[in-house]
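First listed ligand is number 1; within each ligand, the first listed atom is number 1.
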Amino acid sequence: MSTIQWFPGHMAKAKREAIEKLKLVDIVIELLDARIPYSSRNPMIDEIVGEKKRLVVLNKVDLADDKLTKEWVSYFKERSIDILTISAKDGKGLKQIQEKLKDMMSEKFEKLRAKGLKSRPIRLMILGIPNVGKSTLINRFIKKNKAVTGNKPGVTKGQQWLKLGTEFELLDTPGILWPKFEDESIGKKLALTGAIKDTILQLEDVSLFAIDFFARYYPESFKKSFGLTQENLDLPNAELLMYMTERMGLKDDYDKANEKIIFDIRSGKLGGYTLDHVSDMLLEEEDM
Ligand code: GDP
């Protein structure tokens, strides 16, 4: 779990560093959490990425709601944004990423060839908020490609390129950006998925949010996992939490109950779930 605390100075530095790295690459992979494709996006991402080619990758699809993942993919596609879904942990979707990246560069390389120049490896970097799976993805790429690290002149000190076969070069350290902090429900979504440390928010606030969300959107798996009835779900959230605590045999140890509820949901024990809905985004776009 990341321990980064974001203060304005850190944000400015992270932004500056990301922009510096972006200068070195052909394509940036913007890694998002498939369970929160909106909340896991950095608020300044468009400004930071600018005109650079970008591939949005929704990671952790193994934990997300398949139906909503499809809706999110359509959402990005409709806005002409290149998008893929992966599960970096088990290496699913990696091949498609490489194919897509080649596809995105084909026009440029075609032009080079037409001028009699050889195409070169595609230079990449990975960018995203903490805990979205950047290191896991980099390690996956390395395993798949038996990467060799090499120093290259002209590269920021300490920065190395991982050579992925002959076709790709990946910056070995990802760009780390801060998450959205603008509203409380985003904070709770980030906490529930494990993107930010539990201690930043009150455990109980996160757990009450989870109870409310799952009772509304995933009532069947929620009931089944915690042995609840529809009547229980109709209780006010705080009362439901009390009831669940008792049912779990935890008497009045609410801290333990909150921890267990959050842990079970976070780890996928209740099945795939997605906390951001495309419909919320569409409402927001209408407001703009
Ligand atoms: P980083 O901070 O962006 O580099 O994130 P990490 O690569 O350290 O990953 C954060 C946590 O998410 C780790 O516990 C990973 O094992 C987990 N993780 C990464 N990718 C996936 C995935 O596709 N599925 C699941 N279930 N967990 C993942």
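Some N or O of Val132 is nearer than 3.5 Å to an N or O of ligand 1, by distance alone. Considering backbone and side-chain atoms together, Pro130 places no N or O closer than 3.5 Å to any N or O of ligand 1. Ligand 1 has an N or O atom lying under 3.5 Å from an N or O atom of Ala88, backbone or side chain.
Residues Tyr217 and Asp65 have side chains that never bring a donor and an acceptor to within less than 3.5 angstrom of each other.
Note on ring orientation: taking the six-membered ring where Trp is involved, the planes of Phe7 and His10 are tilted (angle from 30° to 60°).
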(Q) With salt bridge (Lys or Arg N to Asp or Glu O under 4.0 Å) as the criterion, how do Arg16 and Glu20 come out once you've worked through the C-alpha distance, each side chain's angles and the decisive distance to 0.1 Å? (A) CA-CA 6 Å; Arg16 210 165 45 235; Glu20 276 307 303; over 6 Å; no
Q. Passes salt bridge (Lys or Arg N to Asp or Glu O under 4.0 Å), Arg54 versus Asp46? Steps please.
A. CA-CA 10 Å; Arg54 167 182 4 184; Asp46 289 338; 2.9 Å; yes
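Within a 6.0 Å sphere centred on CE of Met242, heavy atoms belonging to other residues, nucleotides or ligands number 12 at most.
Nearest-residue assignment for atom 1 (P) of ligand 1 (options Lys134, Arg35, Arg266; heavy-atom criterion): Lys134.
Neither the backbone nor the side chain of Asp90 has a heavy atom within less than 4.0 Å of ligand 1. Residue-level proximity to ligand 1 for Leu63 is carried by the side chain, the only part with a heavy atom below 4.0 angstrom.
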